[in-house]
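Okay, structure first, notes after.
In listed order, ligands and their atoms are each counted from 1. Note: hydrogens, waters and symmetry copies are ignored here, and every other heavy atom, side chains too, is used.
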Amino acid sequence: MKADLVITNARLVDHSGEQRGAIAVSGGRIAAIGGNDAMPPAERTIDAGGRVVMPGVIDPHCHLGVNYDFDEDIRTETAGAARGGVTTILLFARSMEQKYVPYYWDRRERGEQGAVVDFGFHFGIQKAEHVSEIAEIAEQTGVQTFKCHMGYEVGNSIGIHSSPDSWVFAAMREAAKLPRGVVAVHCENTELVELLKPEMKATGRCDLAAYSESRPPFVEEEAIERMIHLAEITGCPLYVVHTTVAAGPTMAAAARVRGIDVWIETCPHYLTRTAYDADLGTTAKISPPLRDRTQLDGLWKGMLNGQISTLGTDHVPFKKNGGDIWSEKPGVVSFPWELPLMLHFGVHERGMSLQRLSELNSYNPAKRFGLHPKKGSLSVGGDADLVMIDLDEERVVEHPSGKGTCLYEGWKLKGWPVLTLSRGDVVYDAAQPDAEVVYGRGRCVTVPDAERYWD
Ligand SMILES: [Zn+2]
């Protein structure tokens, strides 16, 4: 048998360890892993020259089609993802008008017409009716993660409906019955936000830090604690999205010791930026907000000691209004830079192992959201979703499209993806910057009857 591709002389790294050798790809899947001499003959051979080859990044948290049209976002943003070594993205999608089952089929079809890499969905609980639809949605779409928002006051700039505790509790009760059910929660005490925001506004402050200080860490910490309690009562796995507070990982670790299934996700911006960075203005508004150096350092502790489970970018392209911090739309983009940021600030600056990075970026999200063993590790038979990394390459962050807010433009980072494979297809090659991007090859990974689908 002839393989489609063999990559030789690689440092093959995943969550379980590292070995030197080669990896063969056939029919979009990993066909063999072993010594350079043990590989089958191949149509094409790439010499990695000692560089790292890891499973592609699975980004479990992003939003597309919120500001720009979905059909446009799915093309431009998944092309950016491929450049960043990201091979699967999971969208937190929400719909008020359309029911989620028809919404899913519409988005899935449009996604498969435009996407460069694979994608899937989680759905937002935006009204009480959504809770009663959970069983039906799971059966007919395969989506088993449901997100409850908090901290968005009535009349917020992006039209999100915050969940009262009754929605969260009821959603957990329903999701707990599903084989892979998860409730994801944006943890911020909505009522405290509603009290504190007008107080801060009344001081006349309108800087980036004023927004952060109007929703202080305890607002998030209190909500995490409360959600852990509800997860314990319902037995539903809890996934805390975009955690900004250092206490989050410690609370989750303590809960896990008590047998509660709670995972903490954080984002690259909370690990690299603070609300007090002099070069940032109101367009750096993110929900929840950037914090300070103490929280940032505390989050890195959780990154290194295993208390944080996953990294999500919360990538969302917004046209910012550039005005008042209180009415500005929250959100930034980071698909192309998440991996370089983690290589630079995690691996190089803080000595994080590549194995740990692969656990955070690939294995854990695959496990949590039902994609493993098909994705998330280097396993024979699994999808050949791979990223080759040059640990020594230094490149300056550029954001020529200007679509969405990039917080890293002009930063020189060390460690970049140089080749990305999605199910065996080269979707990004740094050596061929002008190569044509193939749209519409990405496939939806949240599917009905997933267990059969993955066989
Ligand atoms: Zn988000």
Side-chain angles (χ1 to χ4, degrees), residues 57-68 70 73-74 77-78 80-81 86 88-96 107 119-126 130 143 145-153 156-163 167-168 171 182-188 190 193 211-212 215 219-220 223-224 227 238-245 248 263-273 283-291 299 308-320 328-335 337-338 361 365 368-369 403-407 446:
V57 175
I58 297 172
D59 186 341
H61 188 159
C62 64
H63 309 267
L64 301 181
V66 180
N67 188 159
Y68 300 89
F70 179 74
D73 267 359
I74 196 78
E77 304 315 286
T78 58
V86 180
T88 305
I89 59 165
L90 299 176
L91 292 119
F92 275 104
R94 59 190 160 94
S95 164
M96 269 305 267
R107 292 292 165 120
F119 62 94
F121 298 98
H122 317 294
F123 289 141
I125 301 297
Q126 289 290 284
H130 285 156
V143 174
T145 310
F146 298 89
K147 179 179 180 183
C148 293
H149 297 77
M150 292 182 184
Y152 290 92
E153 67 283 11
N156 66 82
S157 59
I158 50 176
I160 289 181
H161 298 257
S162 287
S163 289
W167 294 6
V168 185
V182 181
V183 167
V185 184
H186 171 144
C187 289
E188 280 187 293
T190 312
V193 168
Y211 167 68
S212 298
R215 32 212 318 146
V219 167
E220 186 172 333
I224 295 174
M227 292 308 109
L238 167 66
Y239 184 80
V240 180
V241 289
H242 51 45
T243 306
T244 75
V245 292
W263 281 30
I264 296 284
E265 172 197 89
T266 191
C267 312
H269 36 272
Y270 303 121
L271 295 163
T272 56
R273 283 301 210 167
T283 54
K285 179 177 176 182
I286 307 170
S287 170
L290 293 174
R291 302 285 182 199
L299 287 175
I308 290 176
S309 298
T310 55
L311 271 167
T313 57
D314 206 357
H315 179 105
V316 55
F318 265 123
K319 235 178 258 157
K320 298 269 183 165
E328 183 58 278
K329 290 172 180 162
V332 293
V333 291
S334 28
F335 281 159
W337 314 294
E338 187 265 356
N361 259 345
R368 178 83 284 174
F369 301 114
K403 190 177 177 186
T405 304
C406 165
L407 299 181
T446 36

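Glu265 and Arg368 are not joined by a salt bridge, as no carboxylate oxygen comes within less than 4.0 angstrom of a charged side-chain nitrogen.
The nearest N, O or S atom of His61 is closer to the Zn ion (ligand 1) than 2.8 Å. For a distance bound of 2.8 Å, the N, O or S atoms of Cys62 include none lying that close to the Zn ion (ligand 1).
Counting only N and O atoms by type, the side chains of Ser309 and Tyr239 include no donor and acceptor under 3.5 Å apart.
Taking the six-membered ring where the residue is Trp, His61 and Phe92 present perpendicular rings, their angle passing 60° and hence far from 30°. Ring planes of Tyr152 and His186: perpendicular class, angle over 60° (limits at 30 and 60°).
The minimum distance between the Zn ion (ligand 1) and any N, O or S atom of Asp314 involves atom OD1.
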